[in-house]
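These notes concern the structure reproduced below.
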Amino acid sequence: MIVLDRWLAFADRLSRYAIWIGGAMVLASALLVSVDVLLRKLLVISLGGADELSGYAFAVGTTWALAFTLLRRANVRVDALYVRLPPALCAVLDIVALAAIGLFVGLLTWQAWAVLDTSLAFQARATTPLATPLWIPQSLWLAGLALFVFTLAPLLLRALFALLGGDLATVRRLAGARSIEEDAADEAAHTAAIKTDSSKIG
């Protein structure tokens with residue numbers, strides 16, 4: 001358990017860095033596209049490649065946010081029936097859900113590696129004016145998927161051991177669907193932090 005908890009803590013730190021970097025890439029691409037649109041409108045010139053680079057940034061930024069989303073249980077879940085089920089059954093379904101998404105993303109990561117390997121072997125480039133070497137965005141995209149798998153593995157094991165030990169509260173904390181009360185508490189804490197920062201600045 002200690003090893004898994006340390007693994008999760010390390011994965012959490014990595015996911016925080018990844019989401020900041022991924023968000024910065026998406027923001028930079030939005031600014032690039034905005035500048036390109038303004039230049040086209042005002043000066044009838046184009047930077048070129050803004051749409052291509054923004055596409056890469058969106059794909060990479062999305063995968064780099066997956067691990068953080070998983071750890072914060074921020075993914076969308078349909079819980080109309082879930083909230084009415086017994087806690088033990090909910091815990092089992094949480095484990096099944098983690099295993100299912102792990103299988104899916106594991107296969108996706110394997111195929112992403114195969115695509116990257118092919119691009120490296122043939123030195124593939126994008127059929128665009130930038131002629132971007134495809135291994136660059138593909139390797140960054142693969143890194144985000146790999147981080148998700150790296151994060152999911154200890155999370156699934158930790159939740160499974162908690163289930164086997166009858167610790168349903170831990171299973172819910174690690175893998176359960178977020179409740180309205182949890183969302184409200186997080187919003188209240190965020191609002192309080194903003195007010196505290198504002199008072200310090202003032």
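No hydrogens, no waters, no symmetry mates; every other heavy atom, side chains included, goes into these values. Worth saying up front: this structure is predicted, and the values here are computed from it rather than measured.
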For the pair Asp94 and Arg172, find out whether any cationic side-chain nitrogen is under 4.0 Å from an anionic carboxylate oxygen. no
Joint cluster assignment, Val33 & Leu43, ILVMFWY side-chain distance < 4.5 Å: no
Just checking, any donor-acceptor pair under 3.5 angstrom between side chains of Asp36 and Ser46? yes
Testing the basics here: between Ala112 and Leu145, what is the closest heavy-atom pair and its distance to 0.1 Å? CB-CD1, 3.9 Å
Which pair of heavy atoms, one from Gln138 and one from Leu116, lies closest together, and at what distance? OE1-CA, 3.6 Å
Look at the side chain of Arg40 and the backbone N and O of Ile45, then say whether any donor-acceptor pair between them is shorter than 3.5 Å. no
Would you indicate whether the side-chain heavy atoms of Leu70 and Phe148 approach each other to under 4.5 Å? yes
For the student: nearest non-hydrogen atoms of Leu152 and Gly102, plus distance: CD2-CA, 2.9 Å
Same apolar cluster (I L V M F W Y, side chains within < 4.5 Å links), Leu160/Val96: yes
Donor-acceptor contact present, side-chain Arg73 to main-chain Arg173, <3.5 Å: yes
To the nearest 0.5 Å, what is the distance between CG (Leu142) and CH2 (Trp135)? 12.5 Å
Check for me, please, whether Val171 and Leu89 land in the same ILVMFWY cluster - side-chain distances under 4.5 Å, paths through other members count. no
Donor-acceptor contact present, side-chain Trp7 to main-chain Ile2, <3.5 Å: no
Just verifying a value: how many Å separate Trp141 CH2 and Thr62 OG1, rounded to the nearest 0.5 Å? 10.5 Å
Of the non-hydrogen atoms in Arg16 and Arg72, which two are nearest, and what is the gap between them? NH2-NH2, 2.9 Å
Met25 side, atom CE; Trp64 side, atom CH2 - distance, nearest 0.5 Å: 5.0 Å
Would you say Leu71 and Val149 are hydrophobically clustered, going by side-chain heavy atoms of ILVMFWY under 4.5 Å? yes
Using 30° and 60° as the class boundaries, would you call the ring planes of Phe10 and Phe150 parallel, tilted or perpendicular? perpendicular
Verdict with reasoning, Arg158 to Leu8, per side chain to side chain contact (heavy atoms under 4.5 Å, CB included): CA-CA 9 Å; Arg158 184 68 177 84; Leu8 278 173; 4.2 Å; yes
Note: Ser29 and Ala57 closest approach over all heavy atoms is CB-CB, 3.8 Å
Taking atom OH of Tyr17 and atom CZ of Phe68, what is their separation to the nearest 0.5 Å? 13.0 Å
Shared hydrophobic cluster for Val26 and Tyr56 (ILVMFWY, side-chain gaps under 4.5 Å): no
I need the minimum non-hydrogen distance between Ala67 and Thr151, along with the two atoms involved. CB-OG1, 3.5 Å
Using side-chain heavy atoms (C-beta onward) and a distance below 4.5 Å, is Leu130 in contact with Leu53? yes
From Leu66 CG over to Leu147 CG, what is the distance, rounded to the nearest 0.5 angstrom? 8.5 Å
Does some side-chain heavy atom of Thr170 sit less than 4.5 Å from a side-chain heavy atom of Phe161? no
Trp113 vs Thr109 side-chain heavy atoms within contact, under 4.5 Å: no
Separation between CG of Leu134 and CG of Leu120, rounded to the nearest 0.5 Å: 10.0 Å
Among Leu174, Leu164, Leu156, find the one that has a side-chain contact (heavy atoms from CB on, under 4.5 Å) with Ile95. Leu156
Residues Leu163, Asp167; criterion side chain to side chain contact (heavy atoms under 4.5 Å, CB included); working and verdict: CA-CA 6 Å; Leu163 177 63; Asp167 188 358; over 6 Å; no
